Student: 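Next up is a structure, given as structure tokens.
FYI, side chains are in, hydrogens and waters are out, and symmetry mates aren't considered; it's all heavy atoms of this structure. Keep in mind the model is a prediction, meaning the values are calculated, not measured.
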Amino acid sequence: MKSKAKGIMISKSNCKVLILGSNGQLGFDLMRIFNGCAIGLNHKDIEVTDLYQVRKIIKSYKPKIVINTVAIVKSEECEINPIPCFNVNTIGAFNVAKAASEIGAIVVFISTDYVFDGSKKLFKEDDLVNPINVYGVTKSRGEELTAAVNSAYYIIRSSWFFGSNLPHKGLDFPRKILELARSQTEIRVVNDQLGCPTYTKDLAKKIKELLENKAPFGIYHITNRGVVSWYDFAKEI
């Protein structure tokens with residue numbers, strides 16, 4: 001579902017963008033793409049699971065746009081420790097979207113292809129979600145709560161991030177494969193999982209374009225072009 005956006009031109013003179021998770025791989029590129037227009041906050045600056053703190057901090061900055069990239073993304077970690085994953089990916093999404101709404105700010109929530117069950121090769125924005133793991137469930141619920149408490153929302157679903165900045169969660173897939181290649185003569189990679197590897201700088205550019213072009217509020221799938229398996233991706237690397 002999309003509704004008409006009020007939209008704004010992104011410039012240093014008329015806009016303040018607050019980027020949560022600015023030390024992450026996507027957050028790093030968003031800070032570069034928005035340049036002097038953006039203010040970046042990391043985990044040490046804001047705890048998204050604390051509604052009182054989130055409200056206080058967002059109100060103090062008075063941004064026009066809040067981009068929430070904060071997430072626990074390791075699916076294995078979410079299966080083992082679902083409560084922290086739920087608190088960050090779902091409750092955190094609610095807190096950020098609500099605080100942004102209370103000051104009239106647009107919220108951008110970064111979601112994932114894991115909200116789907118993988119039953120087909122390509123999914124559209126209006127396809128029904130059907131997550132099959134904890135990570136997917138927490139992001140799907142984060143989407144629902146974001147839309148429920150802030151009508152000025154963009155939910156961006158993407159997949160398989162890689163970028164120039166080293167992610168704080170550890171090595172991304174290309175770096176991991178290169179590391180293994182230095183020490184092993186054979187690397188085993190699954191070939192039954194498909195996705196769209198997405199360069200975070202490209203995604204950051206498209207998010208900025210979405211805002212500048214006054215796109216209707218709603219859900220958007222944004223990835224780099226092409227569908228591959230982890231095996232194909234590893235071979236290319």
Student: Of all heavy-atom pairs between Gly163 and Arg175, which one has the smallest distance, and what is that distance?
Tutor: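 Gly163 and Arg175 have their closest heavy atoms at O-NH1, 3.0 Å.
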Student: Return the set of residues passing salt bridge (charged side-chain N to carboxylate O under 4.0 Å, His left out) with Lys201 (not counting sequence neighbours), or none when no residue passes.
Tutor: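 With neighbours one apart ignored, the set is empty.
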Student: Does Asn89 form a side-chain contact (heavy atoms from CB on, under 4.5 Å) with Tyr135? I'd like the steps, not just the answer.
Tutor: CA-CA 8 Å; Asn89 296 350; Tyr135 172 60; 3.7 Å; yes
Student: Go through the structure and list residues passing salt bridge (charged side-chain N to carboxylate O under 4.0 Å, His left out) with Lys205, not counting sequence neighbours.
Tutor: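 If we apply the salt bridge (charged side-chain N to carboxylate O under 4.0 Å, His left out) test to Lys205, skipping adjacent residues, there are no hits.
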Student: For Trp160, check ring pair (Phe, Tyr, Trp, His ring centres under 6.0 Å) against everything at least two apart and list the hits.
Tutor: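 Ring pair (Phe, Tyr, Trp, His ring centres under 6.0 Å) list for Trp160, sorted by chain: Trp230.
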Student: Does some side-chain heavy atom of Gln53 sit less than 4.5 Å from a side-chain heavy atom of Lys56?
Tutor: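 No. Closest side-chain heavy atoms not under 4.5 Å.
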Student: Applying side-chain contact (heavy atoms from CB on, under 4.5 Å) to Cys78 and Asn133, what does each step give before you reach the verdict?
Tutor: CA-CA 8 Å; Cys78 290; Asn133 62 12; over 6 Å; no
Student: Can you list the residues that meet the side-chain contact (heavy atoms from CB on, under 4.5 Å) rule with Ser22, with sequence neighbours excluded?
Tutor: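 For Ser22 the side-chain contact (heavy atoms from CB on, under 4.5 Å) partners, ignoring immediate neighbours, are Ile19, Met31, Asn42.
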Student: State plainly whether one hydrophobic cluster holds both Leu194 and Val190, where clusters connect Ile, Leu, Val, Met, Phe, Trp and Tyr through side-chain heavy atoms under 4.5 angstrom apart.
Tutor: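 No; Val190 is not reachable from Leu194 via cluster members.
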Student: Closest heavy-atom contact between Cys85 and Val134?
Tutor: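 In terms of heavy atoms, the two residues are closest at SG-CG1, 4.5 Å.
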Student: Would you say that Val70 contacts Ile46 through its side chain, given a criterion of any heavy-atom pair below 4.5 Å between the two side chains?
Tutor: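 A side-chain contact under 4.5 Å is absent here.
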Student: Any heavy-atom pair between the side chains of Ile103 and Pro63 that's under 4.5 Å?
Tutor: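 Yes, side chains in contact.
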Student: Nearest 0.5 Å please: distance from the NZ atom of Lys98 over to the CG atom of Asn150.
Tutor: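 It is 10.0 Å, given to the nearest 0.5 Å.
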Student: Report the C-alpha separation of Arg157 and Val129 in whole Å, then their side-chain angles, then the decisive distance to 0.1 Å, and conclude whether the side-chain contact (heavy atoms from CB on, under 4.5 Å) test is met.
Tutor: CA-CA 12 Å; Arg157 293 174 182 153; Val129 299; 3.5 Å; yes
Student: Can you give me the closest heavy-atom contact between Gly40 and Asp45, atom names plus distance?
Tutor: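 Closest heavy-atom pair between Gly40 and Asp45: O-OD2, 4.3 Å.
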Student: Group every Ile, Leu, Val, Met, Phe, Trp and Tyr by side-chain heavy-atom contacts under 4.5 Å, then state whether Leu30 and Tyr220 land in the same group.
Tutor: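 Same hydrophobic cluster.
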Student: Side chains of Val228 and Pro197: does their closest heavy-atom pair fall under 4.5 Å?
Tutor: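 Yes, close enough: below the 4.5 Å cut-off.
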Student: Run the salt bridge (charged side-chain N to carboxylate O under 4.0 Å, His left out) test against Glu79 and tell me which residues pass, sequence neighbours left out.
Tutor: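 Result, salt bridge (charged side-chain N to carboxylate O under 4.0 Å, His left out) vs Glu79: none returned.
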Student: So how far is it from Asn87 CG to Asn81 CG, rounded to the nearest 0.5 Å?
Tutor: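 Output value for this atom pair is 11.5 Å.
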Student: Can you tell if the side chain of Ile33 reaches within under 4.5 Å of the side chain of Ile207, non-hydrogen atoms only?
Tutor: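 In short, these two side chains do not touch, never coming nearer than 4.5 Å.
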Student: Take atom CD of Gln184 as the centre, draw a 6.0 Å sphere, and report whether it contains more than 12 heavy atoms from other residues, nucleotides or ligands.
Tutor: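 Yes, enclosed.
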Student: For residues 104-114, dump all side-chain donor-acceptor pairs below 3.5 Å to protein atoms at least two apart in sequence or in another chain.
Tutor:
unit_1	atom_1	unit_2	atom_2	d
Ser111	OG	Glu143	OE2	2.6
Thr112	OG1	Tyr114	N	3.0

Student: Let me confirm one number: the CD1-CD1 distance from Ile156 to Ile222, rounded to the nearest 0.5 Å.
Tutor: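 That separation rounds to 4.0 Å.
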Student: Considering only residues two or more places apart or on different chains, which pairs with a residue in residues 178-206 satisfy ring-ring contact (aromatic ring centres under 6.0 Å, His included)?
Tutor: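 Sorted result for residues 178-206: Phe162-Tyr199.
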Student: Please check this pair: side chain of Thr223 against backbone of Thr198, looking for a donor-acceptor N/O pair closer than 3.5 Å.
Tutor: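 No.
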Student: Report whether Phe94 and Val96 are members of the same hydrophobic cluster (ILVMFWY, side-chain heavy atoms less than 4.5 Å apart, transitive linking).
Tutor: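 Hydrophobic grouping puts Phe94 apart from Val96.
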Student: Holding to salt bridge (charged side-chain N to carboxylate O under 4.0 Å, His left out), I want the full list of residues that pass it with Asp127, two or more places apart in sequence or in another chain.
Tutor: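 Lys120.
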Student: Could you tell me which residues satisfy side-chain contact (heavy atoms from CB on, under 4.5 Å) with Arg182, sequence neighbours excluded, listed by chain and number?
Tutor: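 By the side-chain contact (heavy atoms from CB on, under 4.5 Å) rule, Arg182 matches Leu178, Glu179.
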Student: Quick one: closest heavy-atom pair of Gly136 and Pro131, and the distance?
Tutor: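 That closest heavy-atom pairing would be C-CB, 3.4 Å.
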Student: For the backbone of Thr138 and the side chain of Thr90, can you confirm whether one donor and one acceptor N or O come within less than 3.5 Å of each other?
Tutor: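 Confirmed, Thr90 side chain pairs with Thr138 backbone.
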Student: Hey, any chance Ile58 and Leu41 share a hydrophobic cluster, counting ILVMFWY side chains that come within less than 4.5 Å of each other, even indirectly?
Tutor: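 Yes, because Ile58 and Leu41 connect within a single hydrophobic cluster, where side-chain heavy atoms sit under 4.5 Å apart.
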Student: Taking only residues two or more places apart in sequence or in another chain, which ones pass ring pair (Phe, Tyr, Trp, His ring centres under 6.0 Å) with Phe116?
Tutor: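 Listed in chain order: Phe123, His221.
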Student: Would you say Leu145 and Tyr153 are hydrophobically clustered, going by side-chain heavy atoms of ILVMFWY under 4.5 Å?
Tutor: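 They do not share one cluster, since no chain of ILVMFWY contacts under 4.5 Å joins Leu145 to Tyr153.
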Student: Whether the side chain of Asp117 engages the backbone of Ser119 through a donor-acceptor N/O pair (distance < 3.5 Å, no angle test) should be reported.
Tutor: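 A pair under 3.5 Å: yes.
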Student: What is the minimum heavy-atom distance between Thr146 and Ala97, and which atoms define it?
Tutor: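 Between these two residues, the closest heavy atoms are CA-CB, 3.8 Å.
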Student: Could you identify which residues cluster with Val137, counting Ile, Leu, Val, Met, Phe, Trp and Tyr as linked when any side-chain heavy atoms lie under 4.5 Å apart, either directly or through a chain of such contacts?
Tutor: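 Grouped by the 4.5 Å side-chain rule, Val137 forms a cluster of one, so the answer is none.
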Student: Checking Thr200 against Asp29: is there a side-chain donor and acceptor pair closer than 3.5 Å?
Tutor: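 Asp29 vs Thr200: donor-acceptor pair found between side chains.
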Student: With rounding to the nearest 0.5 Å, note down the distance linking CD1 in Ile65 to CG in Leu18.
Tutor: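 The CG atom of Leu18 is 10.5 Å from CD1 of Ile65, to the nearest 0.5 Å.
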Student: Within this structure, what is the SG-CG distance for the pair Cys196 and Leu122, rounded to the nearest 0.5 Å?
Tutor: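 If I round to the nearest 0.5 Å, the distance is 7.0 Å.
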Student: Pair Phe34, Ile67 - check side-chain contact (heavy atoms from CB on, under 4.5 Å), show working.
Tutor: CA-CA 11 Å; Phe34 283 99; Ile67 303 179; 3.7 Å; yes
Student: Taking C-beta and beyond as the side chain, do Val149 and Ser101 meet within less than 4.5 Å on heavy atoms?
Tutor: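 The answer is no; the side chains never approach within 4.5 Å.
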Student: Any ring-ring contact (aromatic ring centres under 6.0 Å, His included) involving residues 42-78? Give me the pairs, sequence neighbours left out, ordered by first then second residue.
Tutor: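 Every candidate ring-ring contact (aromatic ring centres under 6.0 Å, His included) pair involving residues 42-78 fails, so no pair, neighbours aside, qualifies.
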Student: With a 4.5 Å cut-off on side-chain heavy atoms, are Asn95 and Asp50 touching?
Tutor: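 When only atoms from C-beta onward are counted, Asn95 and Asp50 do not touch, as no gap falls below 4.5 Å.
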Student: How many angstroms lie between SG in Cys37 and NZ in Lys208, if you round to the nearest 0.5 Å?
Tutor: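 So the gap between those two atoms works out to 7.5 Å.
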